[in-house]
Amino acid sequence: MIFAPVEEQLAIIRRGVEKIVPEEELAARLKKSRDTGVPLRVKYGIDPTGIDVHLGHTVPLRKLRQFQELGHQAVIIIGNYTALVGDPSGRDHARSKKLTADEVEANARDYLTQVGKVVDMSKAEVHRNGDWFGKMSFADVIQLCGKVTVAQMLTRDDFAKRHAAGTPIFMHECLYPIMQAWDSVVIKSDIELGGTEQLYSFMLARDLQRDQSLSQQIGVMSPILVGLDGERRMGKSLGNYIGIAETPYDMMKKFMQVPDVVMKMYFELLTSISMEEIDKIMAGHPKEAKIRLARAVISGYHSEQAADEAADRWQREISGGELPADIPVVTLSLTALKAQFPLCEADLSQRTLAANRLVKEMGLAPSNGESLRLIAQGGVSVYRDGKFVPIADGRAPLLLEDNMLVRVGKKKIARLSLQN
RNA sequence: GGCGGGAUACCCGAGUGGCCAAAGGGGCCAGACUGUAAAUCUGGUGGCAAUGCCUUCGCAGGUUCGAAUCCUGCUCCCGCCA
């Protein structure tokens, strides 16, 4: 195996990385690998607790891919046993949801498929940590626990906070970092990838590796990717994520909503564009830069052509004000409406209905009251003669026409399909 | 086990008999401005067939012409002491 010079490797590895611990060991480890021709074993562990992989997850995954491209060995750990515990990292309370072994396995398979979009799975080792934890006896567990003290455990920031606050820390949670660290011993990792909140586990792994007379792993920690709101970490529960399985156009729309201030971070962490090039792009118009960013990322998960199409479509429909290509159709029947609104029968016979009711029935507002408020504020319009005309009066009858387009705000739009 | 504090709308939080569908803030929605960015400004933010009616202040009862507010019981949270 021929490796690139150490400095070249370092430059790639350091990009978008928040912390390398211990930093000074990395160059020496790379040099040794290059001299001996033995690739480094780069570990990345994931707990198969959720399903949708989003861009936040891809940050360490991309780093893993970079290591692969440098000729090193990717080792993916599926934490099917640690998932039974739940990662306490950054949490102020124990996880309540317990997954069954079947759920965990189904999640694991799904995960690996998605991970394959970033990592070259044909060259990666995949292990399930149940393979070794499942075989351990209780005596083995006791022995393993004998390597860590309570005081050490309490140096963990999240545990310390919980201990101080008097919130419970369960014994099985204490096992989590020990298990994660033991994974490193078993697979003999040289590097471990993860977020900065993993520092404690990464360091514990070094202790256990030394205890086993193994070389100690180096932690390469990525920063946390902020979500679409530009403030909080990208996460499913916060609804501020871009999933890697989303359609090109959906990704496009989400990218364009990202605040400018996080663009640079996104470029650095989510694309392979060189830092010099990024600076050049950022110096131009922010809108163009954002489109460039979106295209770069989208083409990685779909294709360049799909990314270009999504970008063009965004330019036409959103920026250019053209009608969207996929307007949802809502079918309403006059007969059904008459049954629903017996007092409006006379109106309906004339094919009219109070505007606020129509908006609600088309699913564009959750209630008649909300619909009325939206109309009063000029937020609802009907497409006529090539443009959207605001509805003036929410209570006034509106002539129902087949194929009419009704829009609420800038984003919600529906086409009426009228039947008798 | 003892003493005390608390539970209000999506979240935080004011309100301690009628002026309360409930202050204020955050979030969210709409409008203006824009690059569907940010910032700023404006309006809105229980439901209904609507100058009224219905539901909502932890749960269940009660007092009262009238209860988020007072009383009783219950559930859950949180302090301090043991």
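To find a chain, count down the sequence lines: A is the first, B the second, and so on, and within it residues start at 1. Please read all numbers here as calculations on a predicted model, not as lab measurements.
- Listed by residue number, the members of residues 404-416 of chain A with any heavy atom below 4.0 angstrom from RNA chain B are A/Gly409, A/Lys410, A/Lys411.
- What you find for A/Ile178 and A/Leu208 is that their closest heavy atoms are O-CD1, 4.1 Å.
- The nucleotide B/rU16 finds no pairing partner, because no Watson-Crick or G-U wobble arrangement with both distances shorter than 3.5 Å includes it.
- When both distances must be under 3.5 Å, the Watson-Crick or G-U wobble mate of B/rU40 is B/rA32.
- Where A/Lys290 and A/Gly378 each meet RNA chain B at their nearest nucleotide, the meeting point lying more 5' is that of A/Gly378.
- Rounded to the nearest Å, the gap between the P atom of B/rG26 and that of B/rC74 is 41 Å.
- Straight-line distance between the P atoms of B/rU42 and B/rC76: roughly 47 Å, to the nearest whole Å.
- Judged as a salt bridge (charged side-chain N to carboxylate O under 4.0 Å, His left out), not a single pair has a partner in residues 356-366 of chain A (not counting sequence neighbours).
- Here A/Arg65 does not pair with A/Asp120 in a salt bridge; the nearest charged N to carboxylate O distance is not below 4.0 Å.
- Both A/Tyr249 and A/Gly379 lie close to RNA chain B; mapped to their nearest nucleotides by heavy-atom distance, the more 5′-ward contact belongs to A/Gly379.
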Contact string for nucleotides 42-50 of chain B, one letter per nucleotide 5' to 3', B = base within protein heavy-atom range under 4.0 Å, S = sugar-phosphate only, - = neither, reads -BSS-SSBB

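- Here, B/rC11 and B/rC65 have their P atoms 36 Å apart, quoted to the whole Å.
- One finds no salt bridge joining A/Glu246 and A/Lys253 here, because no Lys/Arg side-chain nitrogen approaches an Asp/Glu carboxylate oxygen to under 4.0 Å.
- Residue pairs meeting the ring pair (Phe, Tyr, Trp, His ring centres under 6.0 Å) criterion with at least one partner in residues 348-394 of chain A, sequence neighbours excluded, are A/Tyr383-A/Phe388.
- Every residue was checked against the ring pair (Phe, Tyr, Trp, His ring centres under 6.0 Å) condition with A/His302, not counting sequence neighbours, and none meets it.
- Taking A/Tyr266 as the reference, nothing meets the ring pair (Phe, Tyr, Trp, His ring centres under 6.0 Å) condition, with sequence neighbours excluded.
- Between A/His127 and A/Trp132, the two ring planes are tilted [angle within 30° to 60°].
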